[in-house]
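Just below is one structure, and these are the notes that go with it.
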Amino acid sequence: MEALQAVRGMNDILPDQVGWWQKVEKTAREVLENFGYREIRTPVAEKLELFARSIGESTDIVEKEMYSFQDRNGDFLALRPEATASVVRAYIQHNLQADPILQKFYAVGPMFRHERPQKGRYRQFHQIDAEVFGIDSPMIDAEIMHMLHLFLERLGVSGIMLNINTLGCPECRKTYRKVLQDYLIAAGDDFCPDCLRRRVTNPLRVFDCKVERCKALITGAPAIMDSIDDECRAHFDAVRGYLTRLGTPFVINPRMVRGLDYYMRTTFEVVTDRLGSQNAIGGGGRYNGLVKDLGGPDVAGIGFAIGMERLILLLQQDQTEPARAAQVFVAALGEAAGARGFLLVQELRDRGIEAEMDYEGRSLKSQMRRADKTGARYVLILGEDELNRGEIQLRDMREKTQKNLPLDGVVGEMLELSERS
RNA sequence: GUGGGUGUAGCUCAACAGGUUAGAGCACUGGGUUGUGGCCCCAGAGGCUGCCGGUUCAAGUCCGGUCACUCACCCCA
(Lines give C-alpha, C1' and ligand atoms only; values in the text may rest on other atoms or scores of the structure.)
Protein backbone atom coordinates (compact mmCIF):
# COMPACT_ATOMS: atom_id res chain seq x y z
CA MET A 1 0.00 0.00 0.00
CA GLU A 2 1.49 3.23 -1.11
CA ALA A 3 1.74 5.88 1.57
CA LEU A 4 -0.81 8.62 1.12
CA GLN A 5 0.21 12.21 1.23
CA ALA A 6 -1.43 15.59 1.34
CA VAL A 7 -2.74 17.18 -1.85
CA ARG A 8 -0.17 19.25 -3.72
CA GLY A 9 0.04 22.77 -2.40
CA MET A 10 -1.98 21.96 0.71
CA ASN A 11 0.26 21.76 3.72
CA ASP A 12 0.07 20.39 7.21
CA ILE A 13 0.89 22.87 9.92
CA LEU A 14 2.68 20.75 12.51
CA PRO A 15 2.81 21.37 16.25
CA ASP A 16 6.32 22.77 16.05
CA GLN A 17 5.05 25.51 13.74
CA VAL A 18 1.63 26.17 15.13
CA GLY A 19 2.88 28.66 17.72
CA TRP A 20 3.45 31.15 14.91
CA TRP A 21 -0.10 30.78 13.68
CA GLN A 22 -1.54 31.21 17.13
CA LYS A 23 0.53 34.32 17.72
CA VAL A 24 -0.54 35.90 14.42
CA GLU A 25 -4.21 35.07 14.92
CA LYS A 26 -4.23 36.28 18.49
CA THR A 27 -2.62 39.59 17.57
CA ALA A 28 -4.97 40.03 14.63
CA ARG A 29 -8.03 39.49 16.78
CA GLU A 30 -6.82 41.92 19.42
CA VAL A 31 -6.06 44.68 16.95
CA LEU A 32 -9.14 44.23 14.77
CA GLU A 33 -11.55 43.98 17.67
CA ASN A 34 -10.01 47.10 19.12
CA PHE A 35 -10.89 48.95 15.92
CA GLY A 36 -14.49 47.76 16.14
CA TYR A 37 -14.31 44.80 13.79
CA ARG A 38 -16.26 41.65 14.60
CA GLU A 39 -15.58 38.18 13.31
CA ILE A 40 -17.69 36.62 10.60
CA ARG A 41 -17.29 33.02 9.49
CA THR A 42 -18.52 32.06 6.07
CA PRO A 43 -18.36 28.68 4.30
CA VAL A 44 -15.25 27.72 2.35
CA ALA A 45 -17.37 26.89 -0.70
CA GLU A 46 -19.80 29.14 -2.58
CA LYS A 47 -21.67 29.13 -5.85
CA LEU A 48 -19.15 29.58 -8.62
CA GLU A 49 -21.13 32.49 -9.97
CA LEU A 50 -20.46 34.60 -6.88
CA PHE A 51 -16.73 34.69 -7.57
CA ALA A 52 -17.17 35.06 -11.30
CA ARG A 53 -19.34 38.13 -10.76
CA SER A 54 -17.28 39.75 -8.02
CA ILE A 55 -13.67 39.08 -8.92
CA GLY A 56 -14.18 39.56 -12.64
CA GLU A 57 -14.99 37.11 -15.41
CA SER A 58 -11.75 37.66 -17.25
CA THR A 59 -9.31 37.66 -14.35
CA ASP A 60 -6.87 34.78 -14.14
CA ILE A 61 -8.32 33.77 -10.81
CA VAL A 62 -11.66 33.03 -12.38
CA GLU A 63 -10.37 31.84 -15.73
CA LYS A 64 -7.86 29.27 -14.57
CA GLU A 65 -7.15 29.31 -10.85
CA MET A 66 -10.49 28.54 -9.34
CA TYR A 67 -10.93 25.36 -7.34
CA SER A 68 -14.28 24.65 -8.92
CA PHE A 69 -16.35 21.51 -9.15
CA GLN A 70 -19.87 20.22 -9.56
CA ASP A 71 -21.60 18.81 -6.52
CA ARG A 72 -24.03 15.88 -6.57
CA ASN A 73 -26.93 18.12 -7.45
CA GLY A 74 -25.08 19.41 -10.46
CA ASP A 75 -24.52 22.86 -8.94
CA PHE A 76 -21.32 24.60 -9.91
CA LEU A 77 -19.41 25.40 -6.74
CA ALA A 78 -15.96 26.73 -5.96
CA LEU A 79 -13.70 26.82 -2.94
CA ARG A 80 -13.28 30.50 -2.10
CA PRO A 81 -10.19 32.08 -3.67
CA GLU A 82 -10.54 35.11 -1.39
CA ALA A 83 -12.88 36.22 1.33
CA THR A 84 -14.41 39.48 0.20
CA ALA A 85 -17.00 37.96 -2.12
CA SER A 86 -18.28 35.64 0.60
CA VAL A 87 -18.46 38.39 3.20
CA VAL A 88 -20.35 40.63 0.80
CA ARG A 89 -22.73 37.79 -0.01
CA ALA A 90 -23.41 37.21 3.69
CA TYR A 91 -23.83 40.96 4.22
CA ILE A 92 -26.51 41.06 1.57
CA GLN A 93 -28.18 37.77 2.45
CA HIS A 94 -28.64 38.65 6.12
CA ASN A 95 -29.37 42.32 5.51
CA LEU A 96 -26.49 43.30 7.77
CA GLN A 97 -26.83 46.83 6.49
CA ALA A 98 -29.72 47.14 8.92
CA ASP A 99 -27.40 47.12 11.94
CA PRO A 100 -26.77 50.76 12.77
CA ILE A 101 -23.50 50.08 14.57
CA LEU A 102 -21.75 47.03 13.24
CA GLN A 103 -20.42 47.59 9.75
CA LYS A 104 -16.88 46.28 10.24
CA PHE A 105 -16.11 42.60 9.82
CA TYR A 106 -13.13 40.31 9.80
CA ALA A 107 -12.58 36.73 8.72
CA VAL A 108 -9.70 34.33 9.24
CA GLY A 109 -9.30 31.10 7.39
CA PRO A 110 -8.22 29.05 4.39
CA MET A 111 -8.55 30.16 0.77
CA PHE A 112 -7.91 28.09 -2.34
CA ARG A 113 -6.37 28.71 -5.73
CA HIS A 114 -5.36 26.04 -8.18
CA GLU A 115 -1.91 27.37 -9.07
CA ARG A 116 1.53 25.77 -9.15
CA PRO A 117 2.90 26.12 -5.63
CA GLN A 118 6.10 28.02 -4.95
CA LYS A 119 7.63 29.92 -2.06
CA GLY A 120 4.89 31.89 -0.34
CA ARG A 121 2.19 30.60 -2.67
CA TYR A 122 0.09 27.54 -1.98
CA ARG A 123 -3.13 26.00 -3.19
CA GLN A 124 -4.58 26.19 0.27
CA PHE A 125 -3.40 29.36 1.93
CA HIS A 126 -4.72 31.41 4.81
CA GLN A 127 -5.80 34.99 5.04
CA ILE A 128 -6.84 37.49 7.61
CA ASP A 129 -9.50 39.56 5.96
CA ALA A 130 -11.11 42.84 7.01
CA GLU A 131 -14.09 44.59 5.42
CA VAL A 132 -15.95 47.82 6.15
CA PHE A 133 -19.30 48.73 4.62
CA GLY A 134 -21.22 51.94 4.22
CA ILE A 135 -18.46 54.43 4.92
CA ASP A 136 -17.26 56.45 2.01
CA SER A 137 -15.16 58.90 4.00
CA PRO A 138 -11.45 58.98 3.25
CA MET A 139 -11.02 58.69 7.01
CA ILE A 140 -11.83 55.00 6.83
CA ASP A 141 -9.35 54.46 4.00
CA ALA A 142 -6.65 55.97 6.19
CA GLU A 143 -7.87 54.16 9.29
CA ILE A 144 -7.85 50.73 7.72
CA MET A 145 -4.28 51.18 6.48
CA HIS A 146 -3.25 52.59 9.82
CA MET A 147 -4.73 49.52 11.47
CA LEU A 148 -2.94 47.20 9.06
CA HIS A 149 0.32 48.93 9.82
CA LEU A 150 -0.30 48.79 13.55
CA PHE A 151 -1.01 45.08 13.37
CA LEU A 152 2.26 44.37 11.54
CA GLU A 153 4.16 46.62 13.91
CA ARG A 154 2.72 44.85 16.91
CA LEU A 155 3.87 41.53 15.48
CA GLY A 156 7.34 42.96 15.05
CA VAL A 157 7.51 42.51 11.28
CA SER A 158 10.37 44.42 9.70
CA GLY A 159 11.45 45.19 6.16
CA ILE A 160 8.03 46.10 4.82
CA MET A 161 6.50 49.14 3.15
CA LEU A 162 2.95 50.27 2.61
CA ASN A 163 2.33 51.24 -1.00
CA ILE A 164 -0.76 53.23 -1.88
CA ASN A 165 -2.35 54.26 -5.12
CA THR A 166 -5.65 55.36 -6.53
CA LEU A 167 -7.45 53.89 -9.50
CA GLY A 168 -10.08 56.60 -9.58
CA CYS A 169 -13.70 55.74 -10.11
CA PRO A 170 -14.78 53.30 -12.84
CA GLU A 171 -14.99 56.17 -15.34
CA CYS A 172 -11.49 57.44 -14.51
CA ARG A 173 -10.24 53.92 -14.72
CA LYS A 174 -11.75 53.40 -18.12
CA THR A 175 -10.25 56.67 -19.36
CA TYR A 176 -6.83 55.83 -18.01
CA ARG A 177 -6.89 52.35 -19.43
CA LYS A 178 -7.43 53.80 -22.86
CA VAL A 179 -4.74 56.47 -22.42
CA LEU A 180 -2.24 53.87 -21.25
CA GLN A 181 -3.14 51.43 -23.97
CA ASP A 182 -2.63 54.10 -26.62
CA TYR A 183 0.75 54.88 -25.14
CA LEU A 184 1.80 51.23 -25.10
CA ILE A 185 0.78 50.70 -28.68
CA ALA A 186 2.56 53.87 -29.77
CA ALA A 187 5.68 52.63 -27.94
CA GLY A 188 6.16 49.95 -30.57
CA ASP A 189 6.35 46.16 -30.64
CA ASP A 190 9.58 45.69 -28.77
CA PHE A 191 7.80 44.41 -25.66
CA CYS A 192 8.16 40.86 -24.42
CA PRO A 193 5.50 38.42 -25.69
CA ASP A 194 3.66 38.59 -22.38
CA CYS A 195 3.43 42.36 -22.50
CA LEU A 196 2.31 42.36 -26.11
CA ARG A 197 -0.59 40.28 -24.92
CA ARG A 198 -1.11 42.26 -21.74
CA ARG A 199 -1.33 45.61 -23.43
CA VAL A 200 -4.41 44.33 -25.18
CA THR A 201 -6.06 42.35 -22.40
CA ASN A 202 -4.92 44.19 -19.27
CA PRO A 203 -2.62 47.15 -19.98
CA LEU A 204 -2.10 48.00 -16.29
CA ARG A 205 -0.29 44.70 -15.87
CA VAL A 206 2.56 45.81 -18.07
CA PHE A 207 3.75 47.78 -15.03
CA ASP A 208 4.43 44.48 -13.26
CA CYS A 209 6.70 43.08 -15.95
CA LYS A 210 10.16 42.06 -14.80
CA VAL A 211 11.79 42.22 -18.24
CA GLU A 212 14.25 45.13 -18.46
CA ARG A 213 13.31 45.92 -22.02
CA CYS A 214 9.70 46.45 -21.03
CA LYS A 215 10.62 48.47 -17.96
CA ALA A 216 12.59 50.83 -20.18
CA LEU A 217 9.72 51.23 -22.60
CA ILE A 218 7.28 52.30 -19.90
CA THR A 219 9.43 54.82 -18.06
CA GLY A 220 7.54 57.65 -19.69
CA ALA A 221 4.10 56.12 -19.45
CA PRO A 222 1.26 58.41 -18.37
CA ALA A 223 0.35 58.28 -14.66
CA ILE A 224 -3.12 57.46 -13.42
CA MET A 225 -3.03 60.61 -11.32
CA ASP A 226 -3.33 62.68 -14.47
CA SER A 227 -6.45 60.87 -15.61
CA ILE A 228 -8.64 61.04 -12.52
CA ASP A 229 -11.42 63.52 -11.93
CA ASP A 230 -11.50 66.19 -9.22
CA GLU A 231 -13.64 64.19 -6.83
CA CYS A 232 -11.36 61.16 -6.94
CA ARG A 233 -8.31 63.36 -6.57
CA ALA A 234 -9.80 65.08 -3.52
CA HIS A 235 -10.52 61.71 -1.95
CA PHE A 236 -6.98 60.52 -2.54
CA ASP A 237 -5.47 63.73 -1.20
CA ALA A 238 -7.56 63.42 1.93
CA VAL A 239 -6.43 59.82 2.45
CA ARG A 240 -2.81 60.85 2.10
CA GLY A 241 -3.32 63.72 4.51
CA TYR A 242 -4.88 61.55 7.21
CA LEU A 243 -2.23 58.88 6.83
CA THR A 244 0.50 61.45 7.26
CA ARG A 245 -1.14 62.92 10.33
CA LEU A 246 -1.57 59.43 11.79
CA GLY A 247 2.15 58.89 11.37
CA THR A 248 1.67 55.81 9.24
CA PRO A 249 4.60 55.45 6.85
CA PHE A 250 3.68 54.93 3.21
CA VAL A 251 4.83 55.57 -0.32
CA ILE A 252 2.72 56.50 -3.28
CA ASN A 253 3.21 53.95 -6.02
CA PRO A 254 1.33 55.15 -9.10
CA ARG A 255 2.17 51.90 -10.87
CA MET A 256 0.76 49.53 -8.31
CA VAL A 257 -1.71 47.20 -9.96
CA ARG A 258 -4.08 44.86 -8.23
CA GLY A 259 -5.52 41.62 -9.46
CA LEU A 260 -9.20 42.02 -8.79
CA ASP A 261 -11.64 43.93 -10.97
CA TYR A 262 -13.77 45.41 -8.22
CA TYR A 263 -11.30 47.89 -6.81
CA MET A 264 -11.76 51.64 -7.31
CA ARG A 265 -10.16 54.74 -5.82
CA THR A 266 -7.84 53.76 -2.97
CA THR A 267 -5.75 50.62 -3.35
CA PHE A 268 -2.86 49.57 -1.15
CA GLU A 269 -0.39 46.79 -0.66
CA VAL A 270 2.19 45.90 1.94
CA VAL A 271 5.31 44.70 0.18
CA THR A 272 8.68 43.27 1.12
CA ASP A 273 11.80 42.29 -0.76
CA ARG A 274 12.52 39.38 1.54
CA LEU A 275 10.17 36.73 0.22
CA GLY A 276 11.67 35.80 -3.10
CA SER A 277 9.25 36.28 -5.89
CA GLN A 278 6.19 36.88 -3.75
CA ASN A 279 6.54 40.48 -2.68
CA ALA A 280 3.05 41.26 -1.38
CA ILE A 281 2.11 40.10 2.09
CA GLY A 282 -1.19 41.88 2.13
CA GLY A 283 -3.29 44.27 0.17
CA GLY A 284 -6.70 45.69 -0.44
CA GLY A 285 -8.69 48.63 -1.57
CA ARG A 286 -12.02 50.33 -1.93
CA TYR A 287 -14.83 48.57 -3.79
CA ASN A 288 -17.83 50.87 -3.70
CA GLY A 289 -19.81 49.28 -6.53
CA LEU A 290 -19.41 45.68 -5.51
CA VAL A 291 -22.23 45.22 -3.03
CA LYS A 292 -24.71 46.66 -5.49
CA ASP A 293 -23.30 44.58 -8.34
CA LEU A 294 -23.93 41.47 -6.29
CA GLY A 295 -27.55 42.40 -5.78
CA GLY A 296 -27.31 44.32 -2.54
CA PRO A 297 -27.84 47.92 -1.51
CA ASP A 298 -25.68 50.65 -2.97
CA VAL A 299 -23.23 50.93 -0.09
CA ALA A 300 -19.55 51.75 -0.07
CA GLY A 301 -16.99 49.11 0.79
CA ILE A 302 -13.32 48.82 1.59
CA GLY A 303 -11.16 45.97 2.83
CA PHE A 304 -7.89 44.12 2.79
CA ALA A 305 -6.45 40.65 3.12
CA ILE A 306 -3.19 39.49 4.63
CA GLY A 307 -1.48 36.30 3.51
CA MET A 308 -0.66 34.44 6.70
CA GLU A 309 1.92 32.08 5.19
CA ARG A 310 3.86 35.00 3.80
CA LEU A 311 3.59 36.93 7.01
CA ILE A 312 4.87 33.98 9.02
CA LEU A 313 7.75 33.42 6.59
CA LEU A 314 8.76 36.99 7.32
CA LEU A 315 8.40 36.63 11.07
CA GLN A 316 10.55 33.51 11.03
CA GLN A 317 13.38 35.43 9.43
CA ASP A 318 14.05 37.51 12.49
CA GLN A 319 12.27 35.93 15.39
CA THR A 320 12.42 32.58 17.13
CA GLU A 321 9.39 30.40 17.68
CA PRO A 322 7.27 31.47 20.63
CA ALA A 323 8.25 28.92 23.29
CA ARG A 324 5.84 26.84 25.28
CA ALA A 325 6.92 25.11 28.47
CA ALA A 326 5.20 22.60 30.70
CA GLN A 327 5.12 23.54 34.35
CA VAL A 328 5.48 20.25 36.19
CA PHE A 329 6.85 16.85 35.26
CA VAL A 330 6.08 13.89 37.48
CA ALA A 331 8.81 11.25 37.50
CA ALA A 332 7.80 8.00 39.14
CA LEU A 333 9.77 4.81 39.73
CA GLY A 334 8.25 1.37 39.94
CA GLU A 335 4.73 0.13 39.48
CA ALA A 336 3.06 1.38 42.66
CA ALA A 337 4.67 4.80 42.46
CA GLY A 338 3.87 4.94 38.75
CA ALA A 339 0.20 4.43 39.44
CA ARG A 340 0.22 7.06 42.19
CA GLY A 341 2.14 9.43 39.94
CA PHE A 342 -0.42 8.99 37.21
CA LEU A 343 -3.19 10.01 39.59
CA LEU A 344 -1.13 12.96 40.76
CA VAL A 345 -0.66 14.22 37.21
CA GLN A 346 -4.39 14.14 36.57
CA GLU A 347 -5.05 15.90 39.86
CA LEU A 348 -2.60 18.68 38.97
CA ARG A 349 -4.24 19.11 35.58
CA ASP A 350 -7.68 19.19 37.18
CA ARG A 351 -6.45 22.14 39.18
CA GLY A 352 -5.22 23.94 36.09
CA ILE A 353 -1.55 23.11 36.30
CA GLU A 354 0.08 21.92 33.10
CA ALA A 355 1.64 18.61 34.06
CA GLU A 356 3.34 15.82 32.16
CA MET A 357 4.77 12.41 32.93
CA ASP A 358 6.40 9.37 31.37
CA TYR A 359 3.94 6.52 30.91
CA GLU A 360 6.42 3.88 29.86
CA GLY A 361 8.27 3.12 33.10
CA ARG A 362 11.63 4.39 31.89
CA SER A 363 14.68 4.96 34.05
CA LEU A 364 14.79 8.01 36.26
CA LYS A 365 17.62 9.38 34.21
CA SER A 366 15.51 9.12 31.09
CA GLN A 367 12.57 10.74 32.82
CA MET A 368 14.74 13.61 34.01
CA ARG A 369 15.96 14.10 30.47
CA ARG A 370 12.40 14.28 29.26
CA ALA A 371 11.45 16.68 31.98
CA ASP A 372 14.30 18.90 30.93
CA LYS A 373 13.24 18.78 27.29
CA THR A 374 9.66 19.66 28.02
CA GLY A 375 11.02 22.76 29.75
CA ALA A 376 9.37 21.90 33.03
CA ARG A 377 10.29 24.22 35.86
CA TYR A 378 9.54 21.59 38.51
CA VAL A 379 9.92 17.83 38.70
CA LEU A 380 8.10 15.77 41.30
CA ILE A 381 10.03 12.57 42.04
CA LEU A 382 8.14 9.66 43.50
CA GLY A 383 9.94 6.37 44.21
CA GLU A 384 9.01 3.40 46.37
CA ASP A 385 10.78 4.94 49.37
CA GLU A 386 8.91 8.20 49.16
CA LEU A 387 5.65 6.42 48.58
CA ASN A 388 6.15 4.29 51.69
CA ARG A 389 6.94 7.36 53.76
CA GLY A 390 4.05 9.32 52.26
CA GLU A 391 6.42 11.86 50.80
CA ILE A 392 7.48 13.20 47.43
CA GLN A 393 10.54 15.12 46.28
CA LEU A 394 10.15 18.47 44.61
CA ARG A 395 13.02 19.48 42.38
CA ASP A 396 13.36 23.00 41.02
CA MET A 397 15.06 22.48 37.67
CA ARG A 398 16.22 26.04 37.31
CA GLU A 399 17.57 26.48 40.84
CA LYS A 400 18.75 22.86 41.03
CA THR A 401 17.36 22.54 44.53
CA GLN A 402 15.37 19.68 45.92
CA LYS A 403 13.28 19.05 49.02
CA ASN A 404 10.90 16.54 50.58
CA LEU A 405 7.20 17.31 50.79
CA PRO A 406 4.31 15.37 52.29
CA LEU A 407 2.54 13.65 49.43
CA ASP A 408 -0.83 14.94 50.69
CA GLY A 409 0.18 18.55 50.42
CA VAL A 410 1.91 18.49 47.07
CA VAL A 411 -0.97 19.74 44.95
CA GLY A 412 -1.47 22.71 47.23
CA GLU A 413 2.22 23.46 47.17
CA MET A 414 2.31 23.37 43.38
CA LEU A 415 -0.70 25.66 43.18
CA GLU A 416 1.11 28.17 45.35
CA LEU A 417 4.28 27.94 43.29
CA SER A 418 2.43 28.38 40.01
CA GLU A 419 0.59 31.43 41.33
CA ARG A 420 3.87 32.97 42.35
CA SER A 421 5.50 32.59 38.96
C1' G B 1 0.00 25.22 -18.14
C1' U B 2 5.75 26.20 -19.05
C1' G B 3 11.05 26.03 -17.58
C1' G B 4 15.20 24.90 -14.13
C1' G B 5 16.94 22.24 -9.67
C1' U B 6 16.58 18.14 -6.20
C1' G B 7 14.99 13.07 -4.43
C1' U B 8 19.99 8.46 0.33
C1' A B 9 18.01 7.17 8.26
C1' G B 10 12.86 11.18 11.80
C1' C B 11 16.01 15.98 10.30
C1' U B 12 20.57 18.15 7.70
C1' C B 13 23.81 15.91 4.47
C1' A B 14 28.28 12.32 2.82
C1' A B 15 29.60 8.06 -0.38
C1' C B 16 36.68 9.15 -5.40
C1' A B 17 36.10 7.68 -12.08
C1' G B 18 30.03 2.49 -11.51
C1' G B 19 33.25 -1.92 -7.31
C1' U B 20 33.03 -5.37 -0.45
C1' U B 21 28.37 -5.01 4.62
C1' A B 22 25.48 2.76 2.05
C1' G B 23 28.23 6.54 6.34
C1' A B 24 28.33 11.17 9.67
C1' G B 25 26.14 14.99 12.75
C1' C B 26 21.60 16.10 15.25
C1' A B 27 17.37 13.57 17.31
C1' C B 28 15.92 8.70 19.69
C1' U B 29 16.85 4.25 23.38
C1' G B 30 20.07 2.05 27.04
C1' G B 31 24.46 2.45 29.93
C1' G B 32 28.81 5.13 32.41
C1' U B 33 25.92 7.17 38.20
C1' U B 34 21.35 0.65 42.98
C1' G B 35 17.26 6.71 42.16
C1' U B 36 18.47 12.67 39.38
C1' G B 37 18.31 16.88 33.55
C1' G B 38 21.69 20.13 30.29
C1' C B 39 28.16 18.95 29.07
C1' C B 40 31.16 14.56 28.16
C1' C B 41 32.08 9.21 27.04
C1' C B 42 30.34 4.17 25.41
C1' A B 43 26.77 1.16 23.09
C1' G B 44 22.23 0.32 20.39
C1' A B 45 18.21 0.90 17.22
C1' G B 46 16.88 3.17 12.79
C1' G B 47 17.55 2.58 5.08
C1' C B 48 13.36 -1.57 -0.71
C1' U B 49 19.16 5.07 -1.81
C1' G B 50 11.12 7.95 -4.37
C1' C B 51 9.08 4.23 -7.95
C1' C B 52 9.38 1.26 -12.70
C1' G B 53 12.35 -0.34 -16.47
C1' G B 54 17.16 -0.48 -19.22
C1' U B 55 22.78 -0.76 -19.81
C1' U B 56 26.65 -3.63 -17.11
C1' C B 57 30.16 -9.12 -14.35
C1' A B 58 28.52 -5.17 -10.93
C1' A B 59 24.01 0.70 -10.32
C1' G B 60 22.89 5.16 -4.65
C1' U B 61 26.15 6.43 -8.90
C1' C B 62 24.97 5.80 -16.04
C1' C B 63 20.33 5.98 -19.52
C1' G B 64 14.84 6.28 -20.25
C1' G B 65 10.24 6.90 -18.04
C1' U B 66 7.25 8.14 -13.92
C1' C B 67 5.96 10.32 -9.24
C1' A B 68 7.10 13.79 -5.57
C1' C B 69 9.32 18.09 -3.65
C1' U B 70 11.35 22.82 -4.73
C1' C B 71 12.44 27.56 -7.21
C1' A B 72 10.91 30.56 -11.10
C1' C B 73 7.42 32.16 -15.25
C1' C B 74 2.08 33.34 -16.27
C1' C B 75 -0.79 35.31 -12.35
C1' C B 76 -1.26 36.60 -7.42
C1' A B 77 -2.20 37.39 -0.71
Side-chain angles (χ1 to χ4, degrees), chain A residues 2-9 11 14 16 55-56 58-66 80-84 110-130 148 192-195 197-198 201-202 204-205 208-211 256-260 268-272 275-285 303-314 329 331-334 337 358 360 362-387 393-402:
Chain A
E2 202 170 316
L4 291 171
Q5 47 181 320
V7 175
R8 179 200 292 274
N11 304 120
L14 301 177
D16 69 339
I55 294 166
S58 63
T59 56
D60 267 40
I61 294 179
V62 168
E63 278 182 356
K64 54 181 211 189
E65 293 165 8
M66 198 92 90
R80 58 182 183 188
E82 53 111 35
T84 303
M111 310 292 158
F112 304 83
R113 288 184 202 173
H114 198 277
E115 309 174 276
R116 276 291 269 275
Q118 66 191 66
K119 188 180 176 72
R121 160 197 279 186
Y122 310 99
R123 288 189 173 176
Q124 175 176 330
F125 58 105
H126 298 77
Q127 288 187 334
I128 296 163
D129 181 83
L148 176 55
C192 70
D194 285 328
C195 284
R197 177 175 50 77
R198 283 192 277 240
T201 58
N202 194 353
L204 281 292
R205 278 282 160 208
D208 278 347
C209 189
K210 285 157 188 160
V211 178
M256 186 178 72
V257 180
R258 296 201 44 82
L260 309 172
F268 53 97
E269 215 166 66
V270 175
V271 299
T272 177
L275 280 187
S277 180
Q278 292 350 293
N279 65 338
I281 70 164
F304 68 76
I306 296 164
M308 295 179 74
E309 280 82 358
R310 293 180 183 182
L311 180 55
I312 287 168
L313 282 171
L314 267 187
F329 192 98
L333 288 158
D358 168 65
E360 301 292 324
R362 273 180 262 259
S363 68
L364 181 59
K365 181 185 185 129
S366 169
Q367 295 190 57
M368 292 300 290
R369 255 203 295 263
R370 274 164 188 272
D372 188 44
K373 279 183 181 145
T374 62
R377 173 71 194 273
Y378 301 104
V379 178
L380 290 168
I381 302 165
L382 185 64
E384 300 294 335
D385 295 347
E386 286 85 356
L387 191 60
Q393 297 203 47
L394 169 62
R395 181 171 177 81
D396 183 325
M397 295 293 270
R398 196 191 302 165
E399 302 299 324
K400 297 171 193 173
T401 55
Q402 200 163 319

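Below, all heavy atoms of this structure are taken into account, side chains as well, without hydrogens, waters or symmetry copies. Throughout, protein chains are lettered first and strands after them, A, B, ... in sequence-line order, and every chain is numbered starting at 1. Because the structure is a prediction, the values reported are computed rather than measured.
Taking atom CG of residue A:Asn11 and atom C1' of nucleotide B:A77, one finds them 15 Å apart after rounding to whole Å. B:G37 atom P lies 8 Å from atom CZ of A:Arg369, rounded to whole Å. Atom-to-atom, CD of A:Gln5 to C1' of B:C69 comes out at 9 Å; the value is rounded to the nearest Å. Here the P atom of nucleotide B:C71 and the CG atom of A:Leu275 are 11 Å apart, to the nearest Å. One atom, CZ of A:Arg258, and another, C1' of B:A77, lie 8 Å apart when rounded to the nearest Å. If you measure from atom NZ of A:Lys119 to atom C1' of B:G4, you get 17 Å, rounded to the nearest angstrom. The CG-C1' distance, from A:Leu382 to B:G35, rounds to 12 Å in whole Å. B:C39 atom P lies 14 Å from atom CE of A:Met368, rounded to whole Å.
Here the side chains of A:Met368 and A:Ser363 are not in contact, with every heavy-atom distance at 4.5 Å or above. Side-chain atoms of A:Gln402 and A:Ile381, non-hydrogen and from C-beta on, do get closer than 4.5 Å to each other. Side-chain atoms of A:Arg310 and A:Lys119, non-hydrogen and from C-beta on, never get closer than 4.5 Å to each other. Side-chain contact between A:Arg377 and A:Asp396 is present, with heavy atoms from C-beta onward closer than 4.5 Å. Side chains of A:Met111 and A:Pro81 form no contact here, defined as non-hydrogen atoms less than 4.5 Å apart.
Taking side-chain N and O atoms only, A:Arg8 has a distance below 4.0 Å to OP1 or OP2 of B:C69. Phosphate proximity of B:G35 to A:Ser363: absent, as no side-chain N or O sits under 4.0 Å from OP1 or OP2. Contact between the side-chain N/O atoms of A:Lys373 and the OP1/OP2 oxygens of B:C28 is found at a separation under 4.0 Å. For B:G37, the OP1/OP2 oxygens have no side-chain nitrogen or oxygen of A:Arg377 closer than 4.0 Å. Side-chain nitrogen and oxygen atoms of A:Gln118 include none within less than 4.0 Å of the OP1 or OP2 phosphate oxygen of B:C71.
Across B:G35, B:C74, B:G37, the shortest atom-to-atom separation from the side chain of A:Leu333 is found for B:G35. Distances from the side chain of A:Gln393 to the nucleotides B:C74, B:G35, B:A77 place B:G35 closest. Of the candidate nucleotides B:U36, B:A77, B:G38, B:G38 has the atom lying nearest to any side-chain atom of A:Lys400. With B:A68, B:U29, B:A77 as the candidates, the nucleotide lying closest to the side chain of A:Arg370 is B:U29. Nearest to the side-chain atoms of A:Arg116 among the listed nucleotides B:G35, B:C71, B:G1 stands B:G1.
Heavy-atom minimum distance, A:Ala332 versus A:Ala337: CB-O, 3.5 Å. In plain terms, the two heavy atoms of A:Leu333 and A:Glu384 that are nearest each other are O-OE2, 3.5 Å. Residues A:Arg8 and A:Arg123 come closest through the heavy atom pair O-CD, 3.3 Å. Taking every heavy atom of both residues into account, A:Glu386 and A:Gly383 meet most closely at OE1-N, 3.0 Å.
In terms of modelled atom types and a separation under 3.5 Å, the side chain of A:Tyr378 and the main chain of A:Ala376 share no donor-acceptor contact.
B:G4 and B:G65: their P atoms are spaced 12 Å apart (whole Å). Across the P atoms, B:C51 and B:C67 are found 15 Å apart, a figure rounded to whole Å. B:G60 and B:C13 are spaced 14 Å apart, taking the C1' atom of each and rounding to whole Å. Nucleotides B:G50 and B:C11, compared at atom P, are 13 Å apart to the nearest Å. B:C26 and B:C39: their C1' atoms are spaced 16 Å apart (whole Å). The separation of B:G18 from B:C63, taken at their P atoms, amounts to 10 Å, rounded to a whole angstrom. Look at the P atom in both B:U21 and B:U8: the space between them is 23 Å, to the nearest Å. Nucleotides B:A27 and B:U66 have their P atoms positioned 41 Å apart, rounded to a whole Å.
Nucleotides of RNA chain B nearest to A:Arg395 and A:Gly276 differ in position, and the one nearer the 5' end is that of A:Arg395. Between A:Ser277 and A:Gly120, the residue whose closest nucleotide on RNA chain B is further toward the 5' end is A:Ser277.
If you check B:A14 for Watson-Crick or wobble pairing at under 3.5 angstrom, you find it has no partner at all. Across all strands shown, B:U55 forms no Watson-Crick or G-U wobble pair with both key distances under 3.5 Å. The partner of B:A72 is B:U2, judged by Watson-Crick or G-U wobble contacts that both fall below 3.5 Å.
For the contact set between residues 303-314 of chain A and RNA chain B, defined by any heavy atom under 4.0 Å, the members are A:Gly307, A:Arg310.
At the heavy-atom level, A:Ala371 lies nowhere under 4.0 Å from the strands shown. Residue-level contact check: A:Lys365 touches the bases, meaning some heavy atom is under 4.0 Å from a base atom. Here A:Tyr122 lies in heavy-atom contact (under 4.0 Å) with a base.
A donor N or O paired with an acceptor N or O is found under 3.5 Å between the base of B:U36 and the side-chain atoms of A:Gln402. The base of B:G30 does not come close enough to the side chain of A:Arg362 for any donor and acceptor atom to sit less than 3.5 Å apart. Side-chain N/O atoms of A:Glu386 and base N/O atoms of B:G35 include a donor-acceptor pair closer than 3.5 Å.
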